[in-house]
Amino acid sequence: MDRRIEKSRQAIMDAFTKLMLEKDFEKITINEIAERANVNRGTIYSHYVDIFDLLNQCIANHLNKLFENCQPRGSNNTISGKDSLWKTFTYLEQHALFYSKMLMSKSATAFRNRLHALMVKSIEDQLALSGLDKDVNQEIMVQYFASATIGVIEWWITHSMPYPAEYMAEQLLSLMERYQNMRRT
């Protein structure tokens, strides 16, 4: 992609994200985004169908970065559950304003559903690597852990992150391990 196009897209996305942190999505106009990004309205429409397309791509961009940040890297492509959770909470902590705004906005359901889908994929990948609990329906287990994790994340963010990221990762992992131990007895 042409560097100028990428630079314009990034400026638009950055301006839009900053505006979302300042006010409700419903009150943001294309003119404000254009002014903040130092581009004209036509440039925005050349990249995005409308403000809803921009919102969807902004959400997708943030969730993709979250997913990429929390996935295994390296030659063996493995990462422990604790490391993955710690990276997830650390990333969320670093980008708390955006995630807080998205979870508390009127469009929270759509955002939460996309976050849930991302979490399902991540948990499926982790289970595939670990091969845990073959006697339990994998689909149900994935949904259970994804919903529980999203619920904890949502609570943590909307309550101003009362505990550090590492502590949250340890606690969530401890709960998951207790579930596994209960299954064995």
Side-chain angles (χ1 to χ4, degrees), residues 1 3 5-30 32-39 43-73 79 81 83-126 142-143 145-166 168-169 172:
M1 180 184 296
R3 289 173 69 175
I5 292 171
E6 183 59 36
K7 193 173 184 179
S8 292
R9 286 181 65 88
Q10 190 60 51
I12 294 165
M13 190 73 67
D14 290 346
F16 180 62
T17 301
K18 287 176 184 171
L19 282 166
M20 283 189 358
L21 298 177
E22 295 170 15
K23 58 187 188 168
D24 291 335
F25 167 75
E26 296 78 17
K27 295 180 180 177
I28 297 173
T29 67
I30 292 293
E32 288 175 306
I33 298 166
E35 186 177 313
R36 182 84 55 108
N38 199 25
V39 299
T43 302
I44 294 174
Y45 287 118
S46 70
H47 297 289
Y48 306 98
V49 174
D50 55 22
I51 198 164
F52 297 100
D53 182 38
L54 177 56
L55 174 64
N56 284 332
Q57 289 191 39
C58 181
I59 290 170
N61 183 42
H62 278 273
L63 292 178
N64 287 338
K65 286 179 183 178
L66 171 65
F67 187 72
E68 289 168 8
N69 186 66
C70 302
Q71 289 305 298
R73 290 186 193 88
I79 188 170
D83 287 343
S84 181
L85 285 171
W86 177 74
K87 285 181 176 192
T88 299
F89 279 102
T90 300
Y91 184 87
L92 292 169
E93 192 172 51
Q94 292 167 350
H95 300 89
L97 284 175
F98 174 80
Y99 287 97
S100 175
K101 184 73 170 185
M102 292 310 299
L103 287 169
M104 291 187 223
S105 75
K106 293 177 184 173
S107 57
T109 302
F111 178 76
R112 195 175 194 283
N113 289 342
R114 290 176 77 173
L115 183 58
H116 185 269
L118 177 74
M119 191 62 65
V120 164
K121 170 81 171 101
S122 180
I123 291 170
E124 286 172 340
D125 292 348
Q126 287 291 320
V142 167
Q143 290 300 318
F145 283 132
S147 296
T149 302
I150 295 295
V152 169
I153 287 170
E154 190 171 25
W155 169 84
W156 183 64
I157 289 174
T158 59
H159 284 84
S160 303
M161 296 173 284
Y163 303 103
E166 185 173 9
M168 291 301 296
L172 195 53

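Note that the structure is a prediction, hence the values are computed from the model and not measured.
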> CD1 of Ile44 to CD1 of Ile51: how many Å apart, nearest 0.5 Å?
Replying inline: 8.5 Å

> Are the aromatic rings of Phe25 and Phe52 close, with centres under 6.0 Å apart?
Replying inline: yes

> Would you say Lys23 has more than 12 foreign heavy atoms packed within less than 6.0 Å of its NZ?
Replying inline: yes

> Do the side-chain N and O atoms of Asp53 and Gln57 include a donor-acceptor pair separated by under 3.5 angstrom?
Replying inline: yes

>> What I'd like to find out is whether the side chain of Leu55 reaches to under 4.5 Å of the side chain of Met102, using heavy atoms alone.
In response: yes

>> Quick one, Trp155 and Met168 - any side-chain contact, counting heavy atoms below 4.5 Å?
In response: yes

> Around atom CD of Glu35, are there more than 12 heavy atoms of other residues, nucleotides or ligands at under 6.0 Å?
Replying inline: no

> Does Met119 offer a backbone N or O that forms a donor-acceptor pair with the side chain of Ser122 under 3.5 Å?
Replying inline: no

> Sub-3.5 Å donor-acceptor pair from the side chain of Tyr99 to the main-chain atoms of Tyr91, do we have one?
Replying inline: no

> Heavy-atom distance under 4.5 Å between the side chains of Thr88 and Ile153, does that happen here?
Replying inline: yes

>> To the closest 0.5 Å, what do you measure between NZ (Lys87) and CD (Glu68)?
In response: 12.5 Å

> Is there side-chain contact between Asn56 and Tyr48, with at least one heavy-atom pair below 4.5 Å?
Replying inline: no

> Considering only heavy atoms from C-beta outward, does the side chain of Glu22 approach that of Ile28 to under 4.5 Å?
Replying inline: no

>> Nearest 0.5 Å, please: how far is CG in Leu115 from CZ in Phe67?
In response: 12.0 Å

For residues 10-21, please give each side-chain donor-acceptor pair under 3.5 Å, one per line with the distance, not counting sequence neighbours.
unit_1 : atom_1 : unit_2 : atom_2 : d
Gln10  : NE2    : Asp14  : OD1    : 2.7
Thr17  : OG1    : Met13  : O      : 2.9

